[in-house]
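Residue numbers start at 1 and run along the sequence shown. Worth knowing before you read on, the calculation uses all heavy atoms, side chains too, and leaves out hydrogens, waters and symmetry mates.
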Amino acid sequence: MSVRVRLYRFYWWLEKRIVPGHASSQYVYWRELKQNLCEAAVWLDLGCGRHLFTEWMTAEQQEMIRRSKQLVGIDLNRASLLRHEGLRDRVEGSLERLPFRDGAFDLVTANMVVEHLRDAHEILHEIRRVLKPGGLFIFHTPNYLNFAIFGASLVPQALKNRLVRLFEKRREEDVFPTFYRMNTPKAIRHVGAEVGFSVVRLTLTDTSALTVILGPIVILELLWIRLCRREGLRNLRSNIVAVLRNSPASGIERRASA
């Protein structure tokens, strides 16, 4: 048994005792999608990469694909698109200029993508354009107010790439620059309102600890996660799952009134 496997087993044992009932924020995001996705929905996933969720949520991904009328994934990385499991409709393209007609989708989603947007306003305008009036934009992203996320934002990209490879075993080509333009509750409300979205729900949640491979040091992070279960500290949790609704004036209607 490898050292990494032993450390993860130690972590799962600790997590059950320090923060019982704790779950990855990916599950919080999946449950939000499940609540809002209907069989008649035409759905666009931004920056879809190789998976809708994390790689160990294959069953949840298949369930969501079956629940929708049509699911389209868009990403700039052709290699990732070709390896996406279960996604039939895949488009290679930029989020800044979505190659879809106005009002084409009932739902737009983004899983750990918003933090990489250099110009959140521009892309939100595009998302709003391709959404039907009243359509939803649901996304899962890190919370910049969390100590670990804020600390990571100060680390040079080259060092960050090596740390991510060490802690998460992600390849360097899968680590992208982050800008955190819309990664606090306040920023989401502000940017969303400027573009024409209303906030339906903001869920602040914690995900699995990042320091698993540091052995006993992970205890400190788990204690912090437990502390952040207090309502007064909710804004310091590590992740945000946001649900935004497109206002009635959208696409062609919006341009005609300009």
Side-chain angles (χ1 to χ4, degrees), residues 1-35 49-65 80 83-86 109-113 115 138-153 155 159-172 174-176 178 183 202-242:
M1 187 186 303
S2 70
V3 173
R4 183 177 285 268
V5 170
R6 290 179 184 274
L7 288 171
Y8 270 91
R9 288 190 174 183
F10 174 62
Y11 169 72
W12 298 127
W13 181 84
L14 280 174
E15 185 187 83
K16 289 178 182 178
R17 284 152 181 81
I18 298 175
V19 279
H22 185 60
S24 168
S25 59
Q26 291 282 346
Y27 282 115
V28 179
Y29 173 60
W30 165 66
R31 286 194 291 267
E32 189 65 71
L33 286 183
K34 189 173 182 178
Q35 179 179 336
R50 295 191 294 273
H51 310 279
L52 287 178
F53 308 107
T54 191
E55 60 184 7
W56 37 263
M57 292 179 65
T58 304
E60 290 82 1
Q61 173 174 288
Q62 291 173 345
E63 178 189 5
M64 291 298 98
I65 292 173
S80 292
R83 292 199 297 271
H84 200 299
E85 300 173 1
T109 59
N111 189 4
M112 304 302 279
V113 171
E115 64 274 17
I138 303 177
F139 63 91
H140 171 216
T141 195
N143 176 20
Y144 189 67
L145 299 179
N146 177 263
F147 79 96
I149 305 304
F150 176 76
S153 72
V155 176
L159 176 58
K160 185 184 297 185
N161 292 351
R162 290 194 290 271
L163 290 174
V164 170
R165 186 171 56 202
L166 173 66
F167 283 94
E168 302 180 20
K169 295 194 74 175
R170 283 162 56 194
R171 293 174 296 186
E172 190 163 324
D174 290 333
V175 183
F176 304 99
T178 49
N183 285 82
L202 290 179
T203 303
L204 286 110
T205 184
D206 270 305
T207 195
S208 302
L210 299 174
T211 53
V212 176
I213 68 166
L214 299 183
I217 291 177
V218 78
I219 295 172
L220 297 176
E221 187 175 357
L222 285 170
L223 289 172
W224 172 256
I225 291 172
R226 178 169 177 167
L227 185 64
C228 284
R229 286 185 165 185
R230 298 182 179 183
E231 184 61 23
L233 296 176
R234 63 190 297 272
N235 281 346
L236 300 181
R237 295 169 188 168
S238 63
N239 290 72
I240 302 172
V241 177

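With hydrogens and angles disregarded, no donor-acceptor distance shorter than 3.5 Å links the side chain of Asn183 to the backbone of Tyr144. Between the side chain of Ser25 and the backbone N or O of Thr207 there is no donor-acceptor pair closer than 3.5 Å. In this structure, Ser238 contributes its side chain and Asn146 its backbone to no donor-acceptor pair below 3.5 Å. Listed for the Tyr29 side chain is no donor-acceptor partner under 3.5 Å among the backbone atoms of Met112. Looking at Asn143, its side chain does come within 3.5 Å of a backbone N or O of Arg237 through a donor-acceptor pair.
No more than 12 heavy atoms of other residues, nucleotides or ligands lie within 6.0 Å of CZ in Arg226, so this atom counts as exposed by the packing criterion. The neighbour count for Arg230 CZ, taken as heavy atoms of other residues, nucleotides or ligands under 6.0 Å away, does not exceed 12. Other residues, nucleotides and ligands contribute over 12 non-hydrogen atoms within 6.0 Å of the CZ atom of Arg229. Residue-environment remark: CD (Glu55) stays at or below the threshold of 12 foreign heavy atoms within 6.0 Å.
Side chain to side chain, Thr54 and Gln26 fail the donor-acceptor criterion of an N or O pair below 3.5 Å. Using modelled atom types, one finds a donor on one side chain and an acceptor on the other under 3.5 Å when comparing Glu221 with Thr211. Under the 3.5 Å distance criterion, with hydrogens and angles disregarded, no donor-acceptor pair is assigned to the side chains of Asp206 and His22.
Ring geometry for Trp56 against Tyr27 counts as tilted: the plane angle lies between 30° and 60°, on a 0 to 90° scale. Under the 30°/60° scheme for interplanar angles, the aromatic rings of Trp12 and Tyr8 are found to be tilted. Note: His84 and His51 have tilted aromatic rings, judged against thresholds of 30 and 60 degrees for the angle between ring planes.
Taking 4.5 Å as the limit, every side-chain heavy atom of Ile219 sits out of range of all side-chain heavy atoms of Trp224. You'll find the side chain of Thr141 stays beyond 4.5 Å of the side chain of Asn239, heavy atoms only. Looking at Trp30 and Glu63, their side chains come closer than 4.5 Å, going by heavy atoms from C-beta outward. Residues Lys34 and Met64 form a side-chain contact, since some pair of their non-hydrogen atoms from C-beta on lies under 4.5 Å apart. Side-chain contact check for Leu204 versus Asn235: some heavy-atom pair is nearer than 4.5 Å. Phe53 is not listed as a side-chain neighbour of Thr58, based on a closest heavy-atom distance of 4.5 Å or more. Proximity of Asn111 to Leu52: side-chain heavy atoms (C-beta onward) are nowhere separated by under 4.5 Å.
To the nearest 0.5 Å, atom CG of residue Leu7 and atom CG of residue Leu14 are 10.5 Å apart.
The only option from Thr203, Val241, Val28, Ile240 that meets the side chain to side chain contact (heavy atoms under 4.5 Å, CB included) definition with His140 turns out to be Val241.
Leu236 approaches Leu145 most closely through the heavy-atom pair CD2-O, 3.6 Å. In this structure, Ala148 and Leu210 approach most closely via the heavy-atom pair CB-CD1, 4.1 Å.
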